[in-house]
Amino acid sequence: MEVLTKLRHHANQIKAHHLRDLLSDSSRNTHANFESILLDFSHSKVTNETLELLSEYAESSNLFTKIAGLYSGEVINPTEGRSVLHTLLRAETSDLPIFGEVVDVRNRIKDFSSKVRNGEFVGVSGKPLVDTLCIGIGGSYLGPEFVAEALKTEPECARAAAGRKLRFLANVDPVDFIRNTSDLDPHTTLVIVISKTFTTAETMMNAKTVKEWMVKSLGEFPADEVVKKHIVAVSTNIPKTSEFGISVENVFGFWDWVGGRFSVTSAVGLLPLYLQYGENVTNFLKGANSVDKMFLEKANRGGLSQNLPLLLGIIGWWNTEFLEYSSRAILPYSQALVRFAAHIQQVDMESNGKQCSLTGEPVKTTGPLVFGEPGTNGQHSFYQLMHQGRIVPAEFIGFCKSHSTDTLAHNELMSNFFAQPDALALGKTDYQLGTEKCPDHLIPHKRFPGDRPSLSILIENLNSYTCGQLLALYEHRVAVEGFLWGINSFDQFGVELGKGLATQVKKTIETGNFDEHPSKRLLEFYVAHRNN
Ligand code: F6P
């Protein structure tokens with residue numbers, strides 16, 4: 001029997017086994033470790049047979065060769081004719097000729113940010129640039145913001161960031177500009193325009209607004225001097241950055257083989273992060289690199305054993321493709337990871353929300369809907385649906401140590417981290433409710449069906465290094481799932497249509513002629529009620 005058929009057959013068997021039974025089977029392989037990370041998938045609907053079959057499929061579908069393509073420079077994004085090499089951004093050595101440029105940009109970022117931090121590179125009025133305003137959207141925003149938040153309370157990073165602000169302006173909503181700049185002093189603000197293409201409409205509009213704000217506020221100085229001292233860029237498009245007025249020496253480049261959503265460890269993330277946290281960021285790169293190396297080494301040996309990103313990917317694929325769960329919740333029990341789910345949502349959904357295979361054939365199932373919030377906040381929001389409504393495979397992420405010395409509160413937090421997977425998996429039976437003397441009429445309301453899968457990632461401590469590890473774990477899991485579906489996880493044509501239509505609508509609003517427009521009533525209402 002073909003492996004896929006065997007997997008489908010096996011999925012039907014597994015569906016009939018409640019997680020309660022699987023959890024009582026002590027012969028199951030249920031966890032994997034790497035350095036200070038423990039991945040526990042005991043609460044997933046996976047048995048040893050599932051892992052064997054998935055491993056067999058991985059082998060037969062050349063998954064391990066595909067993974068090697070993330071390191072070799074082979075063109076694995078054929079629709080855009082590009083390699084995919086974000087692993088190179090955190091490598092310590094490489095035989096690839098382009099690596100020299102990677103090291104060069106890294107060194108320029110370190111040099112520039114230390115000059116800003118130590119007051120050697122100052123603003124046009126001679127004041128130190130203690131605040132950073134990053135302008136960018138999507139992959140040029142979500143990853144850096146997630147990492148900036150994650151490191152904020154790590155003691156070494158907090159010390160390095162003392163007296164500095166780091167802001168992100170993403171939305172073209174002009175209110176986002178107000179919210180981000182109202183308490184910033186232009187004299188002490190360094191602006192980074194982050195855009196791979198340097199053509200993204202939202203970013204360009206915000207960059208123009210911020211430039212005008214800077215030039216006006218610092219009106220006693222020549223405009224080009226203000227731009228030279230206060231605005232730098234991260235981009236692959238040097239002609240466009242020059243056109244904007246940014247000096248070439250103030251542009252930090254990257255390459256077309258870095259996809260936007262995989263660009264956190266390029267200048268996109270490194271420049272803001274080095275400016276804010278100094279040398280600590282090197283540990284972030286080292287953490288990501290440690291997972292990159294493990295992922296490749298273990299993939300080269302074949303099999304799933306102890307290969308964390310591969311296990312995450314293969315279990316995720318199993319959940320979506322065979323058990324037919326259409327969503328996934330990312331639930332970090334850590335307020336520092338407040339923006340992690342938002343970042344992974346883009347990495348996952350922009351990569352794997354696809355409709356056809358690499359060769360253009362329609363694909364029935366691809367990536368799940370991804371959402372999340374830190375626990376325990378999420379528990380008081382959408383967990384109700386996860387316990388008694390739809391089945392949403394959950395991914396709990398927790399840390400043994402806290403950035404706070406309040407062990408009581410941390411224990412409280414972590415007790416929830418440990419309790420939720422059990423509540424989802426085991427549920428509560430009518431018999432249990434009976435022993436609790438639950439009135440009969442309330443049993444249907446208070447019953448928990450259980451059998452809801454989850455996996456847990458428990459890490460010793462959240463620091464720059466493990467934050468880099470977590471990033472790489474999830475980046476690679478998304479790639480693994482895409483390889484298994486046979487889709488191109490590295491293009492994003494699905495975002496183009498809406499962008500094009502927005503440009504047309506802008507013109508339609510100017511003409512005031514909405515008669516033929518499908519959103520006629522909305523446009524009329526908008527124009528009648530907007531600010532003049
Ligand atoms: O939303 C689509 C997208 O192209 C993302 O993939 C990308 O990260 C983002 O827009 C921003 O693009 P850029 O860095 O070119 O401004």
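Numbers here simply count residues along the sequence, with the first being 1. When a ligand or atom number is given, it counts from 1 through the structure's own listing order.
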Peer 1: By number and element, which atoms of ligand 1 are closer than 4.0 Å to a non-hydrogen atom of Ile137?
Peer 2: 9 (C), 11 (C)
Peer 1: Using salt bridge (Lys or Arg N to Asp or Glu O under 4.0 Å), reason through Arg477 and Glu395 one step at a time and then give a plain yes or no.
Peer 2: CA-CA 13 Å; Arg477 99 83 75 85; Glu395 306 197 347; 2.6 Å; yes
Peer 1: Determine yes or no for a side-chain-to-main-chain donor-acceptor pair under 3.5 angstrom, with Ser489 supplying the side chain and Ala479 the backbone.
Peer 2: no
Peer 1: Is His86 reaching over with its side chain to a backbone N or O of Thr265, donor-acceptor style, under 3.5 angstrom?
Peer 2: no
Peer 1: May I ask you to check if Lys196 and Phe254 form a cation-pi contact, with NZ or CZ under 6.0 angstrom from the six-membered ring centre and within 45° of the axis?
Peer 2: no
Peer 1: Starting from atom 12 (O) of ligand 1, which protein heavy atom do you reach first, and at what distance in Å?
Peer 2: Thr200 OG1, 3.4 Å
Peer 1: Should you measure from each heavy atom of Val495, which atoms of ligand 1 turn up under 4.0 Å away?
Peer 2: 2 (C)
Peer 1: Which ligand 1 atoms are under 4.0 Å away from a heavy-atom of Thr197?
Peer 2: 13 (P), 15 (O), 16 (O)
Peer 1: Among all protein heavy atoms, pick out the one at the shortest distance from atom 14 (O) of ligand 1; state its residue, atom name and that distance to 0.1 Å.
Peer 2: Ser140 OG, 2.6 Å
Peer 1: Name the closest protein heavy atom to atom 1 (O) of ligand 1, giving the residue it belongs to and the distance to 0.1 Å.
Peer 2: Glu350 OE2, 3.6 Å
Peer 1: Would Lys196 count as being in polar contact with ligand 1, using the rule that some N or O on each side must be under 3.5 angstrom apart?
Peer 2: yes
Peer 1: Kindly assign one of parallel, tilted or perpendicular to the pair Phe396 and Tyr333, based on the angle between their ring planes and the thresholds 30° and 60°.
Peer 2: tilted
Peer 1: Decide whether an N or O pair under 3.5 Å exists between Gly138 and ligand 1.
Peer 2: no
Peer 1: Please work out which of Glu496, Arg261, Lys499, Glu202 has its closest non-hydrogen atom nearest to atom 3 (C) of ligand 1.
Peer 2: Lys499
Peer 1: Any idea which protein heavy atom is nearest atom 8 (O) of ligand 1, and the distance to it?
Peer 2: Gly139 N, 2.7 Å
Peer 1: How long is the span from the CZ atom in Phe295 to the CG atom in Leu473, to the nearest 0.5 Å?
Peer 2: 9.5 Å
Peer 1: State which residue, out of Ser327, Pro368, Pro393, Ser326, fulfils the side-chain contact (heavy atoms from CB on, under 4.5 Å) condition with Thr320.
Peer 2: Pro368
